[in-house]
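To start, the structure under review is shown below, and the notes come after it.
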Amino acid sequence: MPMRVITSKEKNCAFTGHRPNKLPWGENEADPACQKLKQAIYDAAEAVYSSGVRHFLCGMALGCDVYFCEAVIRLREEHPDVTLEAAIPWEGQAEGWSAADQARYRRLCENCDYITMVQTHYSPDCMLRRNYYMVDSSSVLIAAYNGSAGGTMRTYLYALRQGLEIIELPIDGK
């Protein structure tokens with residue numbers, strides 16, 4: 001992957017969102033509520049693109065991160081000046097995932113313009129470090145967030161403290 005040289009975080013957007021275990025539909029992406037959230041993620045990415053954002057950062061976790069990554073890839077098909085960065089917390093992030101999830105992860109990483117490996121080995125704080133990296137590199141955060149405690153909440157609160165514009169996408173089970 002080429003080295004990333006971004007001159008201003010003002011044109012960057014990060015994403016945070018829940019994993020399948022916190023989503024009302026779990027892993028059932030055919031659920032109408034999941035389809036609705038995926039469209040909302042795409043619409044939010046398109047809106048920040050319209051405001052001047054060209055670089056998107058994704059943490060590459062299962063669930064909402066994957067939806068975001070796929071939405072930005074779709075957006076890039078319409079706007080070739082879009083760039084996508086996979087911010088990976090450690091090299092083994094996808095170890096232990098199902099074969100299908102690992103294949104999807106590899107395909108998405110191959111479609112990213114840049115890959116930033118936050119660290120090589122797992123540590124208890126590696127995902128938090130990845131999230132802080134994304135927030136610190138951005139001026140906008142899109143958050144698919146249901147208010148529950150966890151990494152998404154920590155990222156959301158950190159982005160608030162850092163003064164980022166936040167686009168909150170509610171997670172609806174209907």
Side-chain angles (χ1 to χ4, degrees), residues 4 6 8-27 29 31 33-75 82-90 93-94 105 108 112 114-119 122-174:
R4 182 175 67 90
I6 302 293
S8 171
K9 73 179 199 168
E10 296 307 311
K11 295 185 189 259
N12 298 347
C13 174
F15 177 81
T16 191
H18 296 296
R19 294 190 182 146
N21 65 323
K22 288 193 177 177
L23 299 172
W25 52 85
E27 295 183 9
E29 293 183 39
D31 185 286
C34 180
Q35 294 298 312
K36 181 178 171 183
L37 178 62
K38 284 182 175 186
Q39 185 61 49
I41 290 170
Y42 177 82
D43 292 344
E46 190 172 51
V48 298
Y49 175 86
S50 295
S51 75
V53 167
R54 297 296 180 265
H55 186 72
F56 295 82
L57 295 96
C58 181
M60 304 303 291
L62 292 173
C64 291
D65 280 8
V66 168
Y67 310 161
F68 177 74
C69 191
E70 290 172 341
V72 173
I73 290 168
R74 186 173 137 211
L75 182 69
V82 164
T83 57
L84 177 59
E85 178 179 351
I88 299 173
W90 87 100
Q93 178 177 15
Y105 174 83
L108 292 175
C112 288
Y114 308 99
I115 294 179
T116 299
M117 190 72 57
V118 174
Q119 59 191 55
Y122 176 81
S123 68
D125 69 339
C126 66
M127 283 163 295
L128 183 65
R129 291 181 67 220
R130 182 260 330 263
N131 295 343
Y132 284 7
Y133 163 76
M134 293 191 308
V135 168
D136 290 342
S137 300
S138 301
S139 60
V140 180
L141 178 73
I142 297 173
Y145 176 56
N146 66 10
S148 65
T152 299
M153 175 186 264
R154 285 190 295 277
T155 304
Y156 180 93
L157 294 173
Y158 182 69
L160 275 175
R161 289 192 304 273
Q162 299 306 308
L164 270 68
E165 173 187 349
I166 297 176
I167 299 170
E168 188 173 340
L169 305 176
I171 295 177
D172 186 358
K174 301 173 188 139

| What residues form a ring pair (Phe, Tyr, Trp, His ring centres under 6.0 Å) with Y42, not counting sequence neighbours? |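 If we apply the ring pair (Phe, Tyr, Trp, His ring centres under 6.0 Å) test to Y42, skipping adjacent residues, there are no hits.
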
| query | Are there more than 12 heavy atoms of other residues, nucleotides or ligands under 6.0 Å from atom CD of Q39? | reply |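 Correct, the count exceeds 12.
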
| Do Y49 and L75 come within less than 4.5 Å of each other through their side chains, counting heavy atoms only? |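 A side-chain contact under 4.5 Å exists here.
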
Between [X] and [Y], what is the shortest heavy-atom contact and its length?
| X | Y | result |
| --- | --- | --- |
| Y156 | A143 | CD1-CB, 3.9 Å |
| R130 | P89 | NH1-CD, 3.5 Å |
| H55 | V53 | O-CG1, 3.7 Å |
| L128 | R154 | CD1-NE, 4.3 Å |
| L37 | P170 | CD1-O, 4.1 Å |
| I166 | A159 | CD1-CB, 4.0 Å |

| task | Decide yes or no on side-chain contact (heavy atoms from CB on, under 4.5 Å) for W90 and M127, but give the supporting numbers first. | result | CA-CA 8 Å; W90 87 100; M127 283 163 295; 4.2 Å; yes

Can you tell me how far the [atom1] atom of [X] sits from the [atom2] atom of [Y], to the nearest 0.5 Å?
| X | Y | atom1 | atom2 | result |
| --- | --- | --- | --- | --- |
| N131 | T152 | CG | OG1 | 7.5 Å |
| E165 | I142 | CD | CD1 | 9.0 Å |
| D31 | K36 | CG | NZ | 11.0 Å |
| D125 | Q119 | CG | CD | 6.0 Å |
| I167 | D43 | CD1 | CG | 11.0 Å |

Side-chain donor-acceptor distances from residues 59-70 under 3.5 Å, at least two apart:
unit_1: D65; atom_1: OD2; unit_2: M60; atom_2: N; d: 3.2
unit_1: D65; atom_1: OD2; unit_2: A61; atom_2: N; d: 3.1
unit_1: Y67; atom_1: OH; unit_2: W25; atom_2: NE1; d: 3.2
unit_1: E70; atom_1: OE1; unit_2: R104; atom_2: NH2; d: 2.9
unit_1: E70; atom_1: OE2; unit_2: R104; atom_2: NE; d: 2.9
unit_1: E70; atom_1: OE2; unit_2: R104; atom_2: NH2; d: 3.1
unit_1: E70; atom_1: OE2; unit_2: R107; atom_2: NH2; d: 3.4

| message | Quick check against the 3.5 Å criterion: does Q35 have a side-chain atom that pairs as donor or acceptor with the backbone of E29? | response |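 The answer is yes, because a donor-acceptor pair under 3.5 Å joins these two groups.
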
What side-chain donor-acceptor pairs closer than 3.5 Å can you find for residues 13-21, not counting sequence neighbours?
unit_1: H18; atom_1: NE2; unit_2: N146; atom_2: N; d: 3.0
unit_1: H18; atom_1: NE2; unit_2: N146; atom_2: OD1; d: 2.9

| Would L57 and S138 count as a side-chain contact (heavy atoms from CB on, under 4.5 Å) if you check the C-alpha gap in whole Å, the side-chain angles of each, and the deciding distance to 0.1 Å? | CA-CA 8 Å; L57 295 96; S138 301; 3.3 Å; yes

| field | Option from V140, N12, V48 for which side-chain contact (heavy atoms from CB on, under 4.5 Å) with F56 holds | value |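 Answer to the side-chain contact (heavy atoms from CB on, under 4.5 Å) test with F56 among V140, N12, V48: V48.
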
| task | Could you check I88 against Y105 for side-chain contact (heavy atoms from CB on, under 4.5 Å), going step by step and ending with a plain yes or no? | result | CA-CA 11 Å; I88 299 173; Y105 174 83; 3.4 Å; yes

